[in-house]
Amino acid sequence: MDLVLNVADSYVLSPYVYPASWPEDGALRQILSLLVLTNLGAAVLYLGLGAANYFLIFDHKLMKHPQFLENQVQREIKYAMSSLPLISIPTVALFFAEVRGYSKLYDNVEDSPLGWPGLFLSMISFLLFTDMCIYWIHRILHHKLIYKLFHKPHHLWKIPSPFASHAFHPVDGFMQGLPYHVYPFLFPLHKVLYLALYVFVNVWTISIHDGDYRVPGALTGAINGSAHHTDHHLFFDYNYGQYFTLWDRLGGSYRHPSALLGKGPHDLMRKLQAEGKLGEAEGKLNGDSGRRVARKEE
């Protein structure tokens, strides 16, 4: 994060915001700057990438699904934008520790213990490490003692849109994002690669909520795509993973995507439409009434 802070200091904050008497390496100034940059960056990534996906990839036909709520997209955005500032508070504490030099982030490839191959290996280990951690954090958040407190709001979106990707309770959002911030305190990682992975994480999180169920056939059993994650929203206790299906298979929570078996959301819509019941089913389940339907996690 210090790369972003340095650019902001050089081109915006030092020339136009802070007085010259306030040094760039002052702790309070860094914390305030990080708080602004983190919130601004989170909003730009969420709204920008979410909108791009919504208009270019997301299948808008899913908005006619009986379990797609009334005004759902607006509600997802409102919930996410109210949670992100709260998530940023503990996140900034971790970014501040990075800026102060407590992490294992490095500037030059030569600083890597393994050189260029180390960059590739760190990228793979980052994905494997965070996928493992998020799987277990996600399962814990589904425990009956804490589910209703923190994770249940995210499961309001049975048929998610890309904007559901960040629509979490603040505690839920921070806990599932924590592995990304912990990794560079445990393992060496290039600063530019860290930023690239941070953007990738946001792209991926949005993509598994976008209803685009296409996955190359050979990777269906290994990659946790949108089809897998949609089943998590629909059936609650399956497919907790973030990128891969490995931990779901090891943990006994893997479910082959119903959308790839001809039993997914699109298939239900086609069936209801053929029976002339699509509008009727939508009227019964859509909007606030959809939340009162008896479901397993209730």
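Sequence positions, counted from 1, serve as the residue numbers for this chain. Predicted model, so just to flag it, every value in this text is computed and none were measured.
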Give the C-alpha distance, both sets of side-chain angles, the deciding distance and a yes or no for side chain to side chain contact (heavy atoms under 4.5 Å, CB included) between V201 and T130. CA-CA 10 Å; V201 164; T130 55; over 6 Å; no

For H151, run the ring pair (Phe, Tyr, Trp, His ring centres under 6.0 Å) check against H169, H138, H233 and tell me which one passes. H138

Indicate whether the side chain of S161 and that of Q72 have a donor and an acceptor atom separated by less than 3.5 Å. no

Looking only at side-chain N and O atoms, does N53 offer a donor or acceptor that is under 3.5 Å from a partner on H209? no

Rounded to the nearest 0.5 Å, the CE atom of M123 sits from the CG atom of L193 at a distance of 7.0 Å

Membership question, hydrophobic clusters at under 4.5 Å side-chain separation (ILVMFWY): are L86 and L40 in the same one? no

In this structure, are over 12 heavy atoms from other groups packed under 6.0 Å from Y102 atom OH? no

Is there a chain of hydrophobic side chains (I, L, V, M, F, W, Y, each step under 4.5 Å between heavy atoms) that links Y46 to F55? yes

Can you tell me if H190 uses its side chain to pair, donor with acceptor, with the backbone of D107 under 3.5 Å? yes

For residues Y106 and V109, report the shortest heavy-atom separation together with the two atoms involved. CE1-CA, 4.4 Å

hydrophobic_cluster_shared for F129 and Y240, side chain cutoff 4.5 Å: yes

To the nearest 0.5 Å, what is the distance between CD1 on I159 and CG on L69? 9.5 Å

Does a donor on one side chain and an acceptor on the other come within less than 3.5 Å for S165 and E76? no

Which heavy atom of T38 sits nearest a heavy atom of S88, and at what distance? CG2-CB, 3.9 Å

Decide yes or no for D59 and H266: does some side-chain heavy atom of the first lie under 4.5 Å from some side-chain heavy atom of the second? yes

Are R75 and L156 side-chain neighbours, meaning at least one heavy-atom pair lies under 4.5 Å? yes

Minimum heavy-atom distance L34-V92, with the two atoms named: O-CG2, 3.8 Å

Closest heavy-atom pair, W204 versus N224, reported as atoms and distance to 0.1 Å, is CZ2-O, 3.4 Å

Is it the case that the side chains of D248 and H228 hold a donor-acceptor pair, with the cut-off being a distance below 3.5 Å and no angle test? no

Indicate yes or no: at least one non-hydrogen side-chain atom of T220 is less than 4.5 angstrom from one of H256. yes

Is it true that a side-chain atom of S14 and a backbone atom of S10 form a donor plus acceptor pair closer than 3.5 Å? no

Shared ILVMFWY cluster between V182 and F96, side chains joined below 4.5 angstrom? yes

Can you list, by chain and residue number, the hydrophobic cluster partners of L56 when the side-chain cut-off is 4.5 Å? I57

Any D212 side-chain heavy atom under 4.5 Å of S207 side chain: no

Heavy atoms, side chains only, cut-off 4.5 Å: are Y54 and H60 in contact? yes

Would Y18 and L32 count as a side chain to side chain contact (heavy atoms under 4.5 Å, CB included) here? Give the steps. CA-CA 11 Å; Y18 293 114; L32 292 175; 3.8 Å; yes

Are L13 and R29 close enough, and set up right, to give a side chain to side chain contact (heavy atoms under 4.5 Å, CB included), and what steps lead you there? CA-CA 10 Å; L13 300 180; R29 169 172 165 164; 4.1 Å; yes

At their closest point, which heavy atom of A167 faces which heavy atom of Y79, and how far apart are they? C-CD2, 3.8 Å

Does the plane of the ring in Y183 sit parallel, tilted or perpendicular to the ring in F126? Use 30° and 60° as the thresholds. perpendicular

Spacing of K104 atom NZ and S122 atom OG [to the nearest 0.5 Å]: 13.0 Å

From Y180 OH over to Q242 CD, what is the distance, rounded to the nearest 0.5 angstrom? 4.0 Å

F200 side chain reached by L127 side chain, heavy atoms, under 4.5 Å: yes

Check whether R139 reaches the backbone of G251 with its side chain - one donor and one acceptor, N or O, closer than 3.5 Å. yes

Measure the spacing between CD1 of I124 and CG of L119 and express it to the nearest 0.5 Å. 11.5 Å

Show your working on side chain to side chain contact (heavy atoms under 4.5 Å, CB included) between M1 and Y198 and close with a plain yes or no. CA-CA 10 Å; M1 194 65 181; Y198 191 78; over 6 Å; no

Ring centres of H181 and F95 under 6.0 Å apart? yes

Compare all side-chain heavy atoms of P184 with those of Y194 and state whether any distance is below 4.5 angstrom. yes

Just checking R214: does its CZ atom have more than 12 heavy atoms from other residues, nucleotides or ligands closer to it than 6.0 angstrom? no

Where do L272 and P66 come nearest, in terms of heavy atoms and distance? CD1-CG, 3.6 Å

If you measure only the distance, is there a donor-acceptor pair under 3.5 Å linking the side chains of D231 and N239? no

Could you check if a side-chain atom of P257 sits within less than 4.5 angstrom of a side-chain atom of T230, using non-hydrogen atoms only? no

Can you tell me how the ring of H154 sits relative to the ring of F168, calling it parallel under 30°, perpendicular over 60° and tilted otherwise? parallel

If you round to the nearest 0.5 Å, how far is CG of L178 from CD1 of I87? 12.0 Å

If hydrophobic clusters are built from ILVMFWY residues whose side chains come within less than 4.5 Å, do I223 and L261 share one? no

